[in-house]
Amino acid sequence: MRRMTVDSERGPYEVIAEAGAVTRLGAVVDEEGVERPRSVVSDTTVGPLWGEPAARSLGSVLIELDDGEVHKRWSSVENVLAHWLDGGLHRGDSVLAVGGGVITDTVGFAAAIFLRGVSWVAVPTTLLAMVDAAVGGKTGINLEQGKNLAGAFWPPRLVVIDVETLATLPERELRAGMAEVVKTAWIGDRELLKLIRLEWPADQSSQRAVAWEEIVMRCLTVKARVVSDDEREVGKRAALNLGHTLGHALEAATGYRHFLHGEAVAWGLLAAARLGRRHGLLGADGEGAIAAAVSALQPLPAIAGIDADAVRAHIGLDKKKDHAGVRWVLPTDDGVALDQRVPADEVVEVFRELKELSIS
Ligand code: GLY
């Protein structure tokens, strides 16, 4: 078992990684001194696989939400809140989310606002949720106008990672999660890029679980360092948005149905690398390294049919904007540069260049 502590405004919490933990969650939360969650929330895909054993082990009720980014919305939050009220949950009760980033974001947000806030435990079952979404306290949902536009900082009480859940993850989801690994590696752990090369394409050997745990915990070491310093993103936490400005716009422009989040981020990383080069922040080697890491995640859903004006409009709605416009994070040779201004016409130019790439 591996563990780390993440600092947060609401107190430190533990992230533990243990193969097989989902099926013995009751014992795990007891060992960690965390109150047993009374409600387990998952989705219709992950529920039968991992939600049921989790709920059984905890002796809790399982709620299954519709699956997919398109369901990361108010109606899902209302649904969960109604179940919790009908189930007689109190303010002192705790709840648990089992699933990918859509579930941990949605349930974490529901926990943040239910009776003005109840404790929650995150059990991420996708690579993306393990390395990013479930840790750091950001919770939220999408609005019609854009991605993650309603939310709260509401850190979990405990995060339990069981890399055995990756065995049931479709390869497409695994590839999408790797985009967040590439992002994290560029921000704070370049050695990770080498590990990724060893692990990808997915190695089916018995060492696999160990390698995934190593990758996940290294990513979380970078993330914990960043969020412990700047939980509410007044400064350097914005680094974690590398690749996300275009990524979020692509998701929104296609109604959250065309891309998995990580796939949109993969395109966003390519765009950010090009922009970093254009702005004199990143050399040719750096741009090539990011492009090579993203190429390894192919196939990606095509962007050829996406209207540049729709992308321009959605970038204008990005929540990381101030009165002077959208604040981009661009890669540099040794990390990232925050608060970069990129004219909308230049974004569209780079987007058109990407459309010419045969990466999908
Ligand atoms: N996923 C970006 C962040 O946690 O800040």
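Quick caveat, the model's predicted, so the values are computed rather than measured. Just so you know, ligand 1 is whichever comes first in the structure, and atom 1 is the first atom listed for that ligand. Note that these values count all heavy atoms, side chains included, but never hydrogens, waters or copies made by symmetry.
D43 contributes atom CG, which lies 7.5 Å from atom OG1 of T125 (distance to the nearest 0.5 angstrom).
Under 4.0 Å from ligand 1, not a single heavy atom of H244 appears.
Shown in contact with K138 at under 4.0 Å from a heavy atom are these atoms of ligand 1, numbered in order with element: 2 (C), 3 (C), 4 (O), 5 (O). Counting the atoms of ligand 1 from 1 in the order shown, those under 4.0 Å from a heavy atom of K223 are 1 (N), 3 (C), 4 (O).
Residue contacts with ligand 1: N241 is placed with no nitrogen or oxygen under 3.5 Å of a nitrogen or oxygen of the ligand (distance criterion only).
I306 and V311 get closest at one heavy-atom pair: CG2-CG2, 3.7 Å.
Looking at heavy atoms from C-beta onward, Y13 lies out of side-chain contact with L158 at the 4.5 angstrom threshold.
Ligand 1 lies out of reach of E180, whose nearest heavy atom is not under 4.0 Å from it.
Checked against L96 for a side chain to side chain contact (heavy atoms under 4.5 Å, CB included), the options V123, L62, V107 give a single hit: V123.
Side chain of D230 to backbone of G235: a donor-acceptor contact under 3.5 angstrom is found.
When V265, D132, L240 are ranked by how near their heavy atoms come to atom 1 (N) of ligand 1, first place goes to D132.
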